[in-house]
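FYI, the numbering just counts along the sequence from 1.
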Amino acid sequence: MKKTFKVLAITAALLAAVTVSAKDRNTVLKVYNWSDYIAEGVVDDFEKWYFEQTGEKIEVIYMTFDVNESMLSKIENGHEDYDVVCPSDYIIERMLNNKLILPLDFSALGSTPNYIEQCKSPYIENMFRQINPEIDANEYSVAYMWGTTGILYNTEFVTADEASTWDIIRNPKFAGKILIKDAPRDVYGPVLIYLKQEELKNGTVTLQDLMMDSSEESLAAVKDYLLQVKPGVCGWEADLGKEQMTKNRAYVSLNWSGDAKWAMEEAASVGVNLDYIVPEEGSTVWFDGWVIPKYAQNTKAALYWINFMCRPDIAIRNFEEMGYAPSCGAPEVLEAMIDEEEYEPIDLSYFFGEDAKAVCVDPVLFPDKSVIDRCALEHDWGQDTEKLLSMWQDVKGSRAGVVTYIVIALVVLAAAVYFVVKSSGKRSRKSSRKRR
Ligand code: SPD
């Protein structure tokens, strides 16, 4: 999304939010989505389409977030009345556990075509069943985009070998040129996988075990590792990292596949070569999905929104502008992904069904099964999430350490001494003038 468009969208959303209380909630839809996650014009097109389908006017108030946890807190603690939001898998799990989302009632679509049904991918359905073994997340959520977490790197300075291990993020050769996603769970998972290689190889733990591992010991090990990483980091970023990479300001970025795809294309147009790899040790695979929160006030329009996002042409538009892989498994989406000049054939039958046994699609977005098999789904930690967030703050250093407090105290003391000395000097000069 272009910057000016983003600023305009935020301003419009703020203005609309101020006036919404006076409006009938049936004519308003409050959408809360990740930033840089929808193509320009799609919101307006939804408003028109909703009117065509229902004969009712709707005004979308579109708001964005950068971090899963801050979005969740607005709902969990603030009880905000968003109608439709787009959390990641482990947050969907938490919302399900805490009964914060409503089941999807497809009958509300009336005679409108059900694109959600047409979009179904066997892989997504199966992964959504794994979100919560007791409640089928497919009944509460519809996947929007998906991908892996990996390393985006500049091929001029970094070799594929160097990038194929998570150790790269503490490689002194790239100090000052490393970006880390400001997403604690998405960094914790890969680092723990890296640190537990021996246990993974000898079978004493599985990738899935590690996704649930919030033990003090593992938190401490990851913290220790990240403290070694920190001196080389030039930014902890939510969305700006992709641009830093295209501008050659950073060479290595722990990032999501969709940001990587966007950056690779932008970079190529200015002669910078970037590539993306899911390190050999393993990683995480993630899904962001639409849900209707318990405090929603326009569930009908929310369902229509989700349905519209699944319309193949809309899924393709969002993908083309944002770079993220759509979760829609419809044949039109596969067709739009195929580029026989650019890519080697790969087997994507796990995602698109039997017809996709050898299709030329970008493996950054739709990796083959061997990559998927070394990636695991993150899971909710419940109360232990706090421990992770606190460790993250400690590592990034937004909490002042003892040394910081001592330095501040010394500066204040020095300033106080300076003023006392200065004012006593003035007083003695005044009194000596009087004596004369
Ligand atoms: N700019 C939008 C980024 C959304 C990516 N979501 C990935 C979440 C992984 N847990």
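D167 and Y194 share a side-chain donor-acceptor pair at under 3.5 Å. Between S218 and S215, the side chains place a donor N or O and an acceptor N or O closer than 3.5 Å (distance only, hydrogens not considered). No hydrogens or angles considered: a donor-acceptor pair under 3.5 Å links the side chains of S35 and D66. Side-chain polar atoms of S283 and T148 form no donor-acceptor pair below 3.5 angstrom. Donor-acceptor pairing under 3.5 Å is lacking for the side chains of N26 and N298. When only modelled atom types and interatomic distance are considered, T112 and Q53 share a side-chain donor-acceptor pair under 3.5 Å. No hydrogens or angles considered: a donor-acceptor pair under 3.5 Å links the side chains of E76 and N98. Between the side chains of N97 and N132, at least one donor N or O sits under 3.5 Å from an acceptor N or O. Under 3.5 Å, the side chains of N202 and E198 contain no donor-acceptor pair of N or O atoms. For Q244 and S253, the side-chain atoms include no donor-acceptor pair closer than 3.5 Å. Checking S88 against N68 by side-chain atom types alone, a donor-acceptor pair falls below 3.5 Å.
Between Y276 and W256, a ring centre-to-centre spacing not shorter than 6.0 Å is recorded. Annotation: Y304 is not in aromatic contact with F308 [ring centroid separation under 6.0 Å not met]. The six-membered or imidazole ring of Y90 lies away from that of H379, with a centre-to-centre distance of 6.0 Å or more. In summary, the aromatic rings of F157 and F174 are positioned with their centroids too far apart to meet the 6.0 Å limit. Here Y295 and Y82 keep their ring centres 6.0 angstrom or further from each other.
By the 6.0 Å contact criterion, CD on Q297 is enclosed, its count of non-hydrogen atoms from other residues, nucleotides or ligands being greater than 12. By the 6.0 Å contact criterion, CG on D355 is open, its count of non-hydrogen atoms from other residues, nucleotides or ligands being 12 or less. When the shell of 6.0 Å around NZ of K57 is examined, it contains 12 or fewer heavy atoms from other residues, nucleotides or ligands.
At distances below 3.5 Å, not a single donor-acceptor pair connects side-chain atoms of D259 with backbone N or O atoms of K242. A distance-only check finds a donor-acceptor pair linking the side chain of W381 to the backbone of M211 [under 3.5 Å]. Side chain of Q197 to backbone of I193: a donor-acceptor contact under 3.5 angstrom is found.
Under the ring pair (Phe, Tyr, Trp, His ring centres under 6.0 Å) rule, F366 has a single partner from Y350, F319, W146, which is W146. The only member of I180, L179, I178 that meets side chain to side chain contact (heavy atoms under 4.5 Å, CB included) when paired with C234 is L179.
Using a cutoff of 4.0 Å between basic side-chain nitrogens and carboxylate oxygens, D347 and K369 are not scored as salt-bridged. Using a cutoff of 4.0 Å between basic side-chain nitrogens and carboxylate oxygens, E321 and R317 are not scored as salt-bridged. The pair K196-D209 fails the salt-bridge criterion, with no side-chain N (NZ, NE, NH1 or NH2) lying under 4.0 Å from an Asp/Glu carboxylate O. Between R249 and E243 there is no salt bridge, since no side-chain nitrogen of the basic residue lies less than 4.0 Å from a carboxylate oxygen of the acidic one.
The two atoms that bring P113 and N307 nearest to each other are O-ND2, 2.8 Å, heavy atoms only. Between D373 and L207, the shortest heavy-atom contact is O-CD1, 4.2 Å. Taking every heavy atom of both residues into account, F351 and S121 meet most closely at O-OG, 2.9 Å. For the pair D136 and Y140, the tightest heavy-atom approach, listed with the atom from each and the gap, is O-CD1, 3.7 Å.
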Salt bridge (charged side-chain N to carboxylate O under 4.0 Å, His left out), that's the test. Do E80 and K30 meet it? Break it down for me. CA-CA 10 Å; E80 296 262 0; K30 289 191 179 181; 5.5 Å; no
Would you sort out whether D44 and E40 count as a side chain to side chain contact (heavy atoms under 4.5 Å, CB included), showing the intermediate values? CA-CA 9 Å; D44 291 348; E40 216 166 325; over 6 Å; no
Output, in order, the C-alpha distance, side-chain angles, deciding distance and verdict of salt bridge (charged side-chain N to carboxylate O under 4.0 Å, His left out) for K48 and E52. CA-CA 6 Å; K48 285 180 212 136; E52 283 160 24; over 6 Å; no
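In this structure, the separation between CD1 on I116 and CZ on R311 is 13.5 Å, given to the nearest 0.5 Å. One finds the CH2 atom of W236 at 8.0 Å from the CG atom of D182 (value rounded to the nearest 0.5 Å).
The aromatic rings of Y37 and W34 sit perpendicular to each other, their planes meeting at more than 60°, with 30° as the lower class boundary.
Counting only heavy atoms from C-beta outward, the side chains of E378 and W286 never approach each other to under 4.5 Å.
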